[in-house]
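Worksheet for the structure shown next.
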Amino acid sequence: MNLTYETADEATGIVLDGRSVCIVDDDSLFRLHLSALLSQANLRTMEAGDSHSLTAILDKQMPDCILLDYNLDSENGFRLHEQLKLRFPNLAPVIMLSADESQRTAIKAFRMGLYDFLPKRNLRIEEITSAVRKSIAKHEVETARDGEIFALRKNAMFDDLTGMYSPDELRKKLQLLSSAVKRSGTQFAILSIRLAEYRKISASFGVANADDVLRGFAGRIRSNLRAEDFCGRYDEDTFHYVMDRNPSEAGLQEQMERFKAQLTFSHHVKSVELKISPLIAVSISGVDGDSVQMMQHLAAELDRQRDERGLGDSAEDWSSLPGGAQAVDGTLEPAERRRSVRMRTLKPAFIALEEWSSKINCTVRNISEGGARIRLERPLALPEFFLLKIGTSGQLRRVRKCWHLNDEIGVEFCDEPE
């Protein structure tokens, strides 16, 4: 008797013919059995017995769906799933298979982001194909939605947090202004304004509190925005205020003094008083209106000012919490943090997760005794603590993530160099 299995679903419109499924199980006989079942639904299969063979497969080709055993030999399926999400941003939907049919395990699987949970016992082809079909459909909808959100954010004129022009929109406006300056022979100026304590606040009190201060900081800039100028967020803690009508030296000086006065204030986080101040650098365009060269000059000048003022690591600038009181995140504030000079650098490095089973290439941009600024090859979700190997010399450090914006993260060192 020949059986024909339906390979399309009216609700999802997903056709399974020719789709690929990777079976991850340490039992070779079960993999063979499952592969035979799936082939009856015209599904192509790949097989992996452990995380290493699975990673090798995914590096070459991402399947449409992954069937992952909960209890691999010496490996936990949940932990492996978390490692895969970190290493592969476009990971295929994962369905967990388990001999453990407890409700607790199933609930945990869904909470951890797995697409479905199937018991191994008496597993029928209709159950597998239905789960695979629904998981693929859900994943494709999510991927399309994420793509739309990314495009909207990329094309958005304004930054959600500060209400200023977004970094992309700011760059577009500067490019247009540079072209106009070349044609007209006029000049424009950029005031680069940095919230000096942003990273320190983020490291001490968390990103949410740092962003709250940044929002207030941006509001003070907006309140001093002249009708003929424009301003946008350049990166995580810096804004570019653009004066585009042949700015005079007197006009620039007046605006700088106004910003210094308005952007020096106190902000309270419960019982802690944060002293907020700006770093301000200025650059006037040449006849060629080269905004890229201006950006490089401004970044270097702001870094020089930060290092000159010794900002970033000391806790002495904050008013102490009385009697060793707790900070907003429930942890005790350290009595003192190490002060160090940050060096601009470009060193190859990689991030190690879960005892070296997953490695992510990156570049160390700035480094000091206390921490570093890292650029990733692409935006990724990283845990709070991980290992960082810097340079070919093999310097290995345990670090804590302090702030994260798109493809850049700031970390502090938690140990001495090895």
Side-chain angles (χ1 to χ4, degrees), residues 1-85 87-102 105-110 112-144:
M1 180 178 178
N2 294 325
L3 297 178
T4 302
Y5 297 102
E6 184 182 2
T7 57
D9 187 289
E10 291 181 0
T12 63
I14 294 296
V15 177
L16 295 184
D17 282 1
R19 297 273 190 167
S20 58
V21 176
C22 185
I23 304 168
V24 188
D25 199 293
D26 53 5
D27 186 338
S28 59
L29 291 178
F30 183 77
R31 293 201 308 269
L32 183 64
H33 166 69
L34 205 55
S35 180
L37 285 177
L38 294 173
S39 65
Q40 295 180 45
N42 297 321
L43 284 160
R44 296 184 295 110
T45 58
M46 315 168 188
E47 297 182 23
D50 53 35
S51 60
H52 297 293
S53 54
L54 172 61
T55 301
I57 290 172
L58 300 185
D59 280 334
K60 293 179 181 178
Q61 178 187 356
M62 184 62 63
D64 293 295
C65 188
I66 299 172
L67 301 178
L68 175 63
D69 185 23
Y70 165 65
N71 192 20
L72 294 168
D73 183 27
S74 74
E75 293 182 287
N76 178 275
F78 289 136
R79 180 174 295 180
L80 176 56
H81 179 239
E82 289 301 301
Q83 294 172 3
L84 293 173
K85 288 196 296 183
R87 178 159 181 169
F88 301 98
N90 299 316
L91 182 68
V94 179
I95 298 171
M96 179 157 282
L97 303 177
S98 178
D100 179 0
E101 300 180 20
S102 68
T105 304
I107 291 173
K108 185 176 181 180
F110 287 111
M112 294 190 70
L114 286 114
Y115 279 68
D116 211 334
F117 179 89
L118 297 176
K120 281 186 171 181
R121 187 173 60 176
N122 301 323
L123 190 60
R124 296 177 295 117
I125 187 172
E126 293 88 351
E127 289 180 280
I128 305 173
T129 54
S130 176
V132 169
R133 183 182 298 114
K134 290 177 181 177
S135 297
I136 292 175
K138 181 181 177 183
H139 182 258
E140 290 183 352
V141 169
E142 290 176 347
T143 301

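Listed by chain and number, the residues in a salt bridge (charged side-chain N to carboxylate O under 4.0 Å, His left out) with Glu142 amount to none (sequence neighbours excluded). Not counting sequence neighbours, Arg124 has no partner by the side-chain hydrogen bond (donor to acceptor under 3.5 Å, both in side chains) test. When the side-chain hydrogen bond (donor to acceptor under 3.5 Å, both in side chains) test is applied to Asp100, the partners found at least two apart in sequence or on another chain are Ser102, Thr105. Considering only residues two or more places apart in sequence or on other chains, Asp64 meets the salt bridge (charged side-chain N to carboxylate O under 4.0 Å, His left out) condition with Arg19.
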Kindly list each side-chain donor-acceptor pair under 3.5 angstrom involving residues 28-36, sequence neighbours excluded, with atom names and distances?
| residue | atom | partner | partner atom | Å |
| --- | --- | --- | --- | --- |
| Arg31 | NE | Glu47 | OE1 | 3.2 |
| Arg31 | NH1 | Asp25 | O | 2.6 |
| Ser35 | OG | Thr45 | OG1 | 2.8 |

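The two residues Leu37 and Leu123 make their nearest non-hydrogen contact at CD1-O, 4.4 Å.
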* **Pair Leu16-Asn42, side chain to side chain contact (heavy atoms under 4.5 Å, CB included): steps then yes or no** => CA-CA 7 Å; Leu16 295 184; Asn42 297 321; over 6 Å; no
* Assess whether side chain to side chain contact (heavy atoms under 4.5 Å, CB included) is satisfied between Leu58 and Leu91, documenting all intermediate values. => CA-CA 9 Å; Leu58 300 185; Leu91 182 68; 4.1 Å; yes
* To do: Determine, stepwise, if the pair Ile23 / Met46 fulfils side chain to side chain contact (heavy atoms under 4.5 Å, CB included).
  => CA-CA 6 Å; Ile23 304 168; Met46 315 168 188; over 6 Å; no
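Under a 4.0 Å N-O distance rule, the pair Arg79/Glu82 does not qualify as a salt bridge.
Pairs of residues two or more places apart, or lying in two chains, that qualify as ring-ring contact (aromatic ring centres under 6.0 Å, His included) and include a residue from residues 54-76 are Tyr70-Phe78.
Interatomic distance, Ile128 CD1 to Leu118 CG, rounded to the nearest 0.5 Å: 7.5 Å.
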